[in-house]
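What's counted below: heavy atoms across the whole structure, side chains too, no hydrogens, waters or symmetry copies. Naming convention: chains lettered A, B, ... in sequence-line order (proteins, then strands); numbering from 1 in each chain. In this text, all values refer to a predicted model and were calculated from it rather than measured experimentally.
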Amino acid sequence: MGDVTLDGITKRYDDVVAVDDVNIHIEDGEFVTLVGPSGCGKSTTLEIVAGLTNPSGGTVTIADRDVTRLPPKDRDISMVFQNIALFPHMNVRKNISFGLRLRDFDSEETERRVQRAAEILQLEGMLDRMPDELSGGQQQRVGIGRAIVREPEVFLMDEPLANLDAKLRVHMRTELQRLHDELETTILYVTHDQAEAMTMSDRIAVLNHGELQQFAPPLVCYNEPANEFVAGFIGSPSMNFLEGEMGGERVETPHFSVGVDPAAVDVGADGPVTVGIRPEDIYLRQTAATVEQPTDAVEATVDVLEPMGDEIFVYLLLGDAADDGGPTVEGADEASARSDQLLMSVEPDVRLESGERVEVVLDRDRVHLFDTGGDARAHGVAEGSEAPTEVNADGGEGR
Amino acid sequence: MATVTGDDGDGDGDDGNALERSARRAMERPWTVYRAAFTFGVVAFVLITLFPFYWLLVLALTPLTNVNNIDFEAFGLPLPVPVPQGFNPAAFVEVFRLVPFHRFMFNSIFIGLVTTAIVLVIASLAGYAFGRLEFRGRRVLMVLFLAISYFPPVTFAIPIFRYFTGGVHLFTIPGVTAVYSPNWFNTPGALITPFSALFMPLAIFILTTFYSQIPDGLEDAARIEGTTRIGALFRVIVPLSAPGVATAGVLTFISIYNEFFFSFLLTDGQAQSWAPIVWGILNYQGQYQQYYNLMAAASLIGVIPVAVLVVLAQEKIVSGLTSGGLKE
């Protein structure tokens with residue numbers, strides 16, 4: 001059973017804590033992605049699972065075996081590297097069979113497994129080539145082949161697609177998913193690309209500053225982010241945040257207010273909150289008929305338009321900001337500056353001009369509230385919205 | 001010499017003499033001068049390098065009775081160039097009859113190979129540590145190694161001689177026995193041990209440089225795939241550093257093959273006492289007779305293994321360098 005448990009994993013360097021008390025339990029056969037900005041400790045975490053780095057504290061359990069003190073070779077894992085790391089002095093066949101030959105598999109079995117891997121990864125006919133004669137995508141497929149022939153309990157993947165070009169990356173993404181369906185092996189995948197995390201994973205573990213922020217299925221992270229960091233990190237373009245003040249049954253932001261249903265939100269605690277709203281949950285007033293729980297209309301000025309083809313990103317300036325020459329980001333308090341802007345996505349056929357005055361509404365069902373510490377207080381502030389489920393560091397909702 | 005050959009076409013109307021003309025040509029087309037200077041340099045270098053071998057060949061082929069009458073003016077050149085007086089190729093066979101020269105060669109090659117193997121293995125481990133691990137005192141230790149390698153070896157002569165002639169009290173295991181240094185005089189151990197230590201620093205230095213350039217990812221990959229750190233060193237890092245290992249190995253072997261100082265000190269000069277080639281050559285000096293022709297022949301024979309090694313290793317080194325960069 002290839003389940004993996006990280007229990008209180010901590011890694012301290014001289015004066016930096018790279019990984020801080022991370023607890024993750026990965027089920028057998030699950031595809032879990034560690035995601036976060038660079039320097040968040042995700043690669044270090046993976047190296048600790050691999051055994052390439054020793055943790056300062058905590059234990060790693062793979063397949064019900066405490067492997068914290070075992071060398072990498074005894075952990076029943078394999079790994080795919082960002083920099084591919086094929087052995088340049090061996091041809092493809094020898095690269096793929098390296099681990100098998102070290103483990104004294106007989107040559108027939110080795111050959112059978114190499115052929116099967118080559119078949120799965122479409123590397124037939126390339127087995128006798130040297131790594132430098134292959135393209136980047138082929139090299140990475142050999143890297144994956146080297147990982148799968150040993151049929152380990154767990155695959156570790158450290159940004160395996162990061163060095164490939166954009167088109168190949170999307171292609172390899174689907175290949176990896178297909179491979180996972182076929183092999184049904186546990187995969188622990190590291191990436192900074194939240195699109196990869198969203199599309200491939202059963203669950204994603206969001207890390208920041210070495211701390212686990214949320215560990216939950218991708219859509220839960222998207223719809224019910226545990227805190228402001230996850231809300232801002234997952235989703236592209238990222239969520240809008242506005243400074244607000246909770247008072248009575250309303251949240252007041254500098255430029256508009258949102259009615260809050262006491263059933264959905266604990267309104268007892270008045271005080272400052274952060275309002276979060278995703279670009280696709282903001283609507284032009286004239287097209288807002290489908291929104292069941294809209295806010296009052298918000299006056300705004302169109303600042304910049306970014307037509308993407310399938311949608312248009314509209315940068316809005318709120319209130320009077322446009323009249324006195326836009327928000328003065330420099331010198332102005334950053335928090336109030338970000339409360340003056342709103343990013344909205346609209347259908348591509350909507351005609352808007354820069355400088356135009358528009359009225360927009362927010363979908364109250366999709367408004368997130370975060371308290372001053374950044375923790376989520378509510379996902380949806382309208383009647384019938386659910387209070388945030390406890391999706392926290394220790395395991396989420398499972399599968 | 002100064003015959004006027006007409007205007008050279010540069011239009012200044014000043015023909016001058018031949019010297020002036022060639023000087024002017026050289027200034028107009030300096031690359032011809034560079035090429036000529038280069039050719040001259042190379043030819044001179046080759047001649048100077050090969051001349052001793054030629055002289056050895058002349059000496060070896062000249063029968064012993066004529067050795068003192070070698071003709072240096074046979075070619076009528078302004079430089080003295082020796083020419084063999086007579087033709088006696090039998091000297092190349094005679095060397096093995098008079099003295100067991102093959103045994104001396106075997107001694108040198110055997111000691112060289114064993115020492116090189118020891119040096120490469122230990123220096124690989126050290127090179128791995130210095131090149132790929134972070135530890136306290138790494139730089140200090142490295143500098144210390146290099147500093148020791150620049151000590152004149154003669155400073156070690158007396159201690160090493162005393163040690164390997166035995167009887168130096170090392171320590172006492174209380175109640176059991178006292179431990180003395182072994183008497184390894186006239187055995188390979190007395191040569192291999194100090195040679196390994198003496199030539200280790202250079203090999204460590206070379207291998208450190210090469211091993212530190214191998215990407216970490218390759219070592220990580222090897223360890224994940226099932227090697228230990230040492231396994232990764234010998235299966236991945238060493239093969240990828242082949243040029244460096246070849247360089248260190250060849251330099252070490254040649255240094256030991258040429259070594260005479262400690263060999264002179266620690267053997268009695270007999271073939272069966274593991275004396276090296278130079279001892280063998282000295283053995284052609286008898287009490288009543290100096291076999292200069294045989295000494296020359298033996299010297300030439302002694303050069304052969306090194307010449308072969310250099311040619312082979314050079315090919316290896318070049319092929320290692322050109323077999324594609326190490327793309328991470």
Within 6.0 Å of CZ in B:Arg138, more than 12 heavy atoms from elsewhere | yes
Any chance OH of B:Tyr150 has more than 12 other-residue heavy atoms, nucleotides or ligands included, within less than 6.0 Å?
-> no
State, to 0.1 Å, how close B:Arg223 and A:Gly51 come at their nearest heavy-atom pair, and which atoms those are.
-> NH2-O, 4.0 Å
Tell me, out of A:Met79, A:Met90, A:Arg146, who's got the most heavy-atom pairs with chain B below 4.5 Å.
-> A:Arg146
Separation between CG (B:Leu218) and CZ (A:Phe81), nearest 0.5 Å, reads 9.0 Å
Closest non-hydrogen atom pair between A:His89 and B:Leu240, with its separation = ND1-CD2, 3.4 Å
List the atom of A:Ala85, the atom of B:Ala221, and the distance in Å for their closest heavy-atom pair.
-> O-CB, 3.9 Å
Between chain A and each of B:Val236, B:Thr228, B:Ile224, count heavy-atom pairs under 4.5 Å; write down the option with the most.
-> B:Ile224
Please round to the nearest 0.5 Å and tell me the distance separating atom CD of B:Glu225 and atom CZ of A:Arg103.
-> 7.0 Å
For A:Leu102 and B:Gly226, the nearest pair of non-hydrogen atoms, with its separation, is CD1-C, 3.7 Å
Name the option with the most non-hydrogen atom pairs under 4.5 Å to chain B; the candidates are A:Ala147, A:Gly99, A:Pro71.
-> A:Gly99
B:Ile230, CD1: over 12 other non-hydrogen atoms inside 6.0 angstrom = no
Answer yes or no: are there more than 12 heavy-atom neighbours, outside A:Glu108 itself, under 6.0 Å from its atom CD?
-> no
Residues, nucleotides or ligands: over 12 heavy atoms within 6.0 Å of B:Phe260 CZ = yes
Structural part of B:Arg235 lying under 4.5 Å from a heavy atom of chain A = both
May I ask you to check whether over 12 heavy atoms, not counting those of B:Phe261, lie within 6.0 Å of atom CZ?
-> yes
